[in-house]
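The model shown is predicted, which means the values in this text are computed figures rather than measured ones. Each residue takes its place number in the sequence, starting with 1.
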Amino acid sequence: MPPEHAISFAGGATATSLSPIVLAAILVAVALIMVLPRKLVMWPVFFMFFMVPLGQQIYVGGFHFYTFRIIILFGLARALFAKLTANTELFSGGLNSIDRVFILCTACQSLAVVLLFRSGPALTNQFGVLLDYLGGYFVIRFLIRDKEDIYRAIKCLACLVLIIGACMMYEHFTMRNLFSTIGGQAVPNVREGRVRAQGPFNHELMAGAFGATLFPLCLMLWKSKKAKLISLGGLVGSCLMTWSSNSSTSLLAFGGGIVAIFFWPFRKSMRLVRWGIVFGLIGLQLVMKAPIWFFISHIDLTGGSSSYHRAALIDQFIRHFWDWWLIGIRESGSWGLDMWDAQNQFVSVGMTGGLLGLVLFIVLISRGFARLGNARKVIEGDSSQEWFIWLASAALFAHIVAFFGVNYFDMTKFGWFALLAMISAATTPLLQTSVVPAALAGPSPYTPPIAYASRLVPRRVVASPSQKPPAGMKTRMS
């Protein structure tokens with residue numbers, strides 16, 4: 001059964017579970033969210049998102065107000081206040097293709113669950129899911145609006161990952177989770193004699209994936225030369241979280257980000273690289289006895305990985321296509337041993353939202369790469385800005401690798417939302433159309449370069465005969 005359904009429906013805690021320390025932190029965070037300048041609000045928001053275990057909640061009338069839900073509500077209130085008082089645009093550049101597909105994908109999954117279960121508790125549950133996903137995404141998108149906000153967000157995440165990484169190392173060597181005092185799991189899991197630390201996260205897989213996918217972003221901060229000490233701390237914290245979680249998924253995501261970074265020399269030939277991957281997979285399918293996805297079953301980086309389960313999950317997901325394609329499935333335990341444990345983001349989305357939800361999720365990833373790729377072409381030749389875009393692409397690829405081994409069902413999803421918001425903030429200024437007044441008579445001695453619209457459709461603009469290229473604009477001749 002997908003974890004989204006397992007929280008169901010009239011299940012879970014039936015009373016408030018809130019540490020006095022967390023209550024005090026909530027009060028302080030709420031006050032800071034409402035009074036700090038917008039550019040600093042992300043610090044209390046991210047601190048409460050990632051440092052407080054999921055189980056901390058206030059239970060009211062059947063509704064579970066987890067800590068991050070309380071923060072989301074006040075974050076939305078702050079965004080609405082800014083909109084009404086200062087006429088601030090909620091999203092920088094307005095809704096773009098990533099925003100629209102994200103909203104459609106989330107709505108599709110929630111609607112599918114309601115139609116599948118057709119019960120009041122299911123409707124209540126999906127109200128909470130919509131608050132988590134749409135509310136959390138909107139808050140982060142409101143806070144991350146431009147390149148400077150991206151750097152601030154990465155600084156905040158680098159500090160958090162260093163703190164959590166140090167705590168997870170302590171947990172690894174002492175078998176005691178420091179976050180257990182505020183609702184975290186007291187003793188870490190042990191597999192094949194290896195300790196798998198998890199810190200404030202619900203599982204070591206999510207903890208490791210969160211740390212691993214932040215490595216390219218912390219390197220981006222290093223390349224900016226603005227906060228090298230914080231960046232170094234983030235890089236160290238990312239390594240500590242990845243190593244102490246002791247999972248192949250985390251190590252693969254970490255390695256995926258590194259491999260993507262080393263593809264920098266081939267950035268202008270990525271079409272050939274993509275086709276090479278496609279033909280490589282076809283070649284493997286021809287020589288392998290089992291389907292291509294069973295290649296996953298041969299990956300074991302820690303000596304105790306459940307890699308065969310990951311391959312079998314994909315296999316059963318494909319074999320039972322007609323069970324889930326329309327509006328998802330109630331439970332998948334009948335598919336085979338431990339098939340209820342849908343630790344694959346693609347499989348989980350399909351189980352929850354059907355084929356349409358899965359397609360929209362893949363389109364969301366595609367839109368992210370498309371915007372980054374087109375933005376890199378606009379700034380081609382400016383190596384510092386190209387590195388900025390390339391490292392964001394490496395972080396996106398690291399998440400995709402992690403998706404094959406984990407389902408982001410705890411606060412790890414906010415790290416994913418943050419990356420999507422960063423991609424939007426980084427690419428919007430580069431992809432917005434630059435309209436130049438046209439002259440009605442005479443040919444133009446100057447033809448401006450292609451300007452990319454927000455929908456990623458290139459079009460050529462026309463200049464007046466006397467017009468010179470705008471300052472700072474590069475042409476194909478320069």
Side-chain angles (χ1 to χ4, degrees), residues 1-18 22-23 26 48-49 52-77 80 101-139 183 202-203 206 317 320 322-335 339-343 345 347-361 407-414 416-417:
M1 181 185 297
E4 289 82 357
H5 298 172
I7 299 174
S8 68
F9 297 124
T14 57
T16 296
S17 175
L18 195 64
V22 175
L23 177 59
I26 291 174
M48 297 303 294
F49 277 177
V52 180
L54 181 63
Q56 296 293 288
Q57 61 179 297
I58 297 175
Y59 180 81
V60 180
F63 291 89
H64 300 267
F65 289 94
Y66 300 108
T67 302
F68 59 75
R69 287 181 179 174
I70 298 171
I71 298 302
I72 287 172
L73 289 172
F74 280 95
L76 292 173
L80 182 61
V101 176
F102 182 88
I103 293 170
L104 286 174
C105 182
T106 303
C108 176
Q109 292 181 75
S110 290
L111 180 60
V113 171
V114 172
L115 292 176
L116 184 65
F117 286 88
R118 297 190 297 276
S119 66
L123 185 62
T124 301
N125 174 269
Q126 290 308 300
F127 273 129
V129 170
L130 288 175
L131 177 60
D132 296 349
Y133 281 75
L134 294 185
Y137 179 77
F138 289 167
V139 168
N202 265 39
H203 196 277
M206 271 73 76
F317 181 67
H320 291 84
W322 298 110
D323 292 349
W324 59 264
W325 76 273
L326 185 58
I327 53 174
I329 188 172
R330 284 176 176 262
E331 61 88 21
S332 57
S334 59
W335 292 358
M339 288 296 106
W340 58 268
D341 188 13
Q343 286 306 308
Q345 189 70 36
V347 171
S348 178
V349 171
M351 287 182 177
T352 307
L355 180 61
L356 179 58
L358 178 58
V359 169
L360 288 171
F361 183 67
N407 167 27
Y408 291 177
F409 64 82
D410 67 353
M411 58 272 207
T412 313
K413 58 180 172 282
F414 298 118
W416 168 238
F417 300 166

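- For the ring-ring contact (aromatic ring centres under 6.0 Å, His included) test, residues two or more places apart in sequence or in another chain that qualify with Phe102 are Tyr137, Phe417.
- In this view, Phe127 satisfies the ring-ring contact (aromatic ring centres under 6.0 Å, His included) rule with no residue, not counting sequence neighbours.
- Partners of Trp416 according to the ring-ring contact (aromatic ring centres under 6.0 Å, His included) rule, which considers only residues two or more places apart in sequence or in another chain, are His399, Phe403.
- Atoms OG1 and CD1, on Thr67 and Ile26 in that order, are 4.0 Å from each other to the nearest 0.5 Å.
- Phe68 has its side chain within reach of Asp132: a pair of non-hydrogen atoms, C-beta onward, lies under 4.5 Å apart.
- In this structure, Trp324 and Leu358 have side chains that are in contact, with non-hydrogen atoms separated by less than 4.5 Å.
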For this session: Starting from the C-alpha separation in whole Å, work towards a yes-or-no answer on side chain to side chain contact (heavy atoms under 4.5 Å, CB included) for Ile103 and Phe138.
Result: CA-CA 10 Å; Ile103 293 170; Phe138 289 167; 4.0 Å; yes

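- Closest approach of Gly350 to Phe317, counting heavy atoms only: CA-CZ, 3.9 Å.
- The shortest heavy-atom contact between Gly353 and Ala112 is CA-CB, 3.9 Å.
- A donor-acceptor pair under 3.5 Å is absent between the side-chain atoms of Arg69 and the main chain of Leu131, judged by distance alone.
- A distance of 7.5 Å separates CH2 of Trp325 from CG of Leu355, quoted to the nearest 0.5 Å.
- Distance alone, capped at 3.5 Å, places no donor-acceptor pair between the Glu331 side chain and the Trp340 backbone.
- Between Thr16 atom OG1 and Phe65 atom CZ the span is 10.5 Å, to the nearest 0.5 Å.
- Residues that satisfy the ring-ring contact (aromatic ring centres under 6.0 Å, His included) test with His203, not counting sequence neighbours, are absent from this structure.
- Contact check for Phe409 versus Met206: side-chain heavy atoms found under the 4.5 Å cut-off.
- Without hydrogens or angle criteria, Asn407 side chain to Ser348 main chain gives no donor-acceptor distance under 3.5 Å.
- Of all the heavy atoms in Cys108 and Leu360, the pair that sits closest is CB-CD1, 4.1 Å.
- Take Gln56 and apply the side chain to side chain donor-acceptor pair (under 3.5 Å) test, not counting sequence neighbours, and it matches no residue.
- Taken from CD1 in Ile329 to CG in Asp323, the straight-line distance is 4.5 Å, to the nearest 0.5 Å.
- Under the side chain to side chain donor-acceptor pair (under 3.5 Å) criterion, Ser110 pairs with Gln126, not counting sequence neighbours.
- Considering OG1 of Thr124 and NE2 of His64, their distance stands at 9.5 Å, rounded to 0.5 Å.
- Here the straight-line distance linking atom CZ of Phe117 with atom CG of Asn125 works out to 9.0 Å at 0.5 Å rounding.
- Here the closest heavy-atom approach between residue Asp410 and residue Leu54 is recorded as CB-CD2, 4.5 Å.
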For this session: For side chain to side chain contact (heavy atoms under 4.5 Å, CB included), just list the numbers for Tyr66 and Met411, CA-CA rounded to whole Å, side-chain angles, deciding distance to a tenth of an Å, and then say yes or no.
Result: CA-CA 11 Å; Tyr66 300 108; Met411 58 272 207; over 6 Å; no

